[in-house]
Protein chains: 2
Amino acid sequence: MPPTSETLTAERILEATEEVLRRHGPAKATVVDVARALGVSHGSVYRHFRTKSALREAVTKRWLDRTTELLAAIVAAPDLDPETRVREWLAALFAAKRRKALADPELFATYSVLTTETAETVVGAHITELTDQLTEIVRAGTAAGTFTVDDPAVTAGALFRATDRFHDPHYAREWERPGVEGEFEAVLDLLVRGLRAAA
Amino acid sequence: MPPTSETLTAERILEATEEVLRRHGPAKATVVDVARALGVSHGSVYRHFRTKSALREAVTKRWLDRTTELLAAIVAAPDLDPETRVREWLAALFAAKRRKALADPELFATYSVLTTETAETVVGAHITELTDQLTEIVRAGTAAGTFTVDDPAVTAGALFRATDRFHDPHYAREWERPGVEGEFEAVLDLLVRGLRAAA
DNA sequence: CAGCTGACAGATTTCAATATCTGTCATTCC
DNA sequence: GGAATGACAGATATTGAAATCTGTCAGCTG
């Protein structure tokens with residue numbers, strides 16, 4: 001128990017919660033554990049988060065936001081043509097998820113449980129943010145005449161859903177298999193060709 | 001307990017197993033239950049199926065094969081052009097799964113558990129059969145000059161994986177949502193356009 | 001007095017004893 | 001004699017009592 005006499009903030013609680021989740025897993029990580037890790041009573045934790053699930057949602061959002069930020073850089077890249085940006089963006093999403101899943105499977109499994117719990121709220125918002133990023137790229141490509149697309153938002157949604165297998169944690173086990181890279185390329189090729197074609 | 005004095009066959013055991021699964025669900029459906037439903041001792045069931053999981057695999061295969069057969073009709077349809085056949089085949093796959101999921105959610109959940117159990121064996125073979133059917137259509141379209149595709153088998157795999165969300169039981173809950181039809185159309189449009197485009 | 005504590009009620013989880021199930025096989029039955 | 005039985009050992013599941021956890025709040029503390 002490291003009491004660390006600093007003031008108790010939401011931020012410090014989130015850090016401790018991550019650590020407890022990493023150690024105990026999602027099923028056995030309790031609010032009491034988090035409080036103990038911080039050297040405070042569990043009542044203090046409830047001062048910053050109304051419920052245990054609010055705390056879990058906040059931790060999950062934090063984890064997902066790291067990926068959102070990473071990808072934002074590609075949306076903003078000014079020197080890349082739209083087709084390359086679509087490819088790089090989807091490849092970066094796949095690579096980010098895959099790296100996490102392979103580097104620390106147990107932690108990834110923990111967050112997979114958390115995302116399943118919070119599918120309607122936190123994950124829904126995350127997916128909206130991501131498809132908004134994609135929409136931005138598709139819109140730019142349409143404006144530049146590179147893509148022929150009726151409604152960029154609808155097409156961005158289709159791109160995102162067509163690549164579910166390469167970012168949905170449900171498929172994480174597939175990402176270890178030898179052929180995945182090629183499978184991803186095949187899907188991506190088909191989709192990008194679909195963007196280019198005349199309506 | 002209907003003893004039905006006919007001879008005990010693998011077929012009759014499979015029918016009884018389906019019934020027990022429907023009534024009890026996957027967790028509580030035991031070999032003893034199946035034997036009781038048939039009015040025989042459980043030892044007799046083991047004469048036809050080496051293990052409980054062999055029995056479950058056989059029932060699952062039966063269920064999946066019904067879909068395979070249904071779709072085979074579209075592959076063989078001689079009066080349809082390749083693009084229509086791709087669209088109809090994927091639409092029929094989605095419709096078949098969706099119908100089952102909405103008509104009897106509990107039974108569908110039961111079979112979802114069974115398919116998860118048998119992912120490596122029975123489901124793997126099922127997916128191979130389905131992608132083989134798709135490959136056939138893509139090959140025909142390529143031969144006819146309608147599609148421009150390097151390797152029909154690879155492209156068929158990409159088509160199948162890009163539409164995972166519309167046939168993988170994992171997404172069954174999404175199939176109730178209002179917008180799904182449109183989402184499916186958007187993905188399908190993008191993919192079909194990708195098939196048509198020049199390499 | 002703002003922040004923290006710890007005791008509390010009700011909900012959930014754990015654990016160990018008990019019951020049931022799986023898979024085998026010597027024996028029985030037509 | 002080929003098919004079916006049922007007793008059995010080890011594995012798995014169920015159950016209910018005890019332990020722990022969640023969320024609240026009156027009171028302590030600096």
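Just so it is clear: chains get the letters A, B, ... in the order the sequence lines come, proteins before strands, and each one is counted from 1. Keep in mind that the numbers below use all heavy atoms, side chains included, and drop hydrogens, waters and symmetry copies.
Taking for each of A:Lys28 and A:His48 the nucleotide of DNA chain C with the nearest heavy atom, the 5'-most of the two is the partner of A:His48.
Applying the 4.0 Å criterion to OP1 and OP2 of D:dT5, one finds that B:Ser41 has a side-chain N or O inside that range. For B:Ser44 and D:dT5, the shortest distance from a side-chain N or O to OP1 or OP2 is below 4.0 Å.
Test A:Phe184, A:Phe94, A:Phe160 against A:His167 for ring pair (Phe, Tyr, Trp, His ring centres under 6.0 Å) and you get one pass: A:Phe160.
Atom CZ in B:Phe49 sits roughly 13 Å away from atom P in D:dA4 (whole-Å rounding). The CZ-C1' distance, from B:Arg47 to C:dT27, rounds to 13 Å in whole Å.
Put simply, the side chain of A:His48 gets close to the backbone of A:Leu8: a donor and an acceptor are under 3.5 Å apart. Looking only at distances, no side-chain donor or acceptor of B:Asp65 sits under 3.5 Å from a matching main-chain atom of B:Arg62. For B:Thr115 (side chain) and B:Ser112 (main-chain N/O), a donor-acceptor pair under 3.5 Å exists by modelled atom type.
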Detail all sub-3.5 Å separations between protein N/O atoms and N/O atoms belonging to nucleotides 16-25 of chain C.
residue : atom : partner : partner atom : Å
C:dT22  : OP1  : B:Val31 : N            : 3.2
C:dT22  : OP1  : B:Lys52 : NZ           : 3.2
C:dT22  : OP2  : B:Val31 : N            : 3.1
C:dT22  : OP2  : B:Val32 : N            : 3.4
C:dG23  : OP2  : B:Tyr46 : OH           : 3.0
C:dG23  : OP2  : B:Lys52 : N            : 2.5
C:dG23  : N7   : B:His42 : NE2          : 3.3
C:dG23  : O6   : B:His42 : NE2          : 3.0

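A donor atom on one side chain and an acceptor atom on the other are not found under 3.5 Å apart for A:Thr135 and A:Asp132.
One finds a salt bridge joining B:Glu174 and B:Arg177 here, because a Lys/Arg side-chain nitrogen approaches an Asp/Glu carboxylate oxygen to under 4.0 Å.
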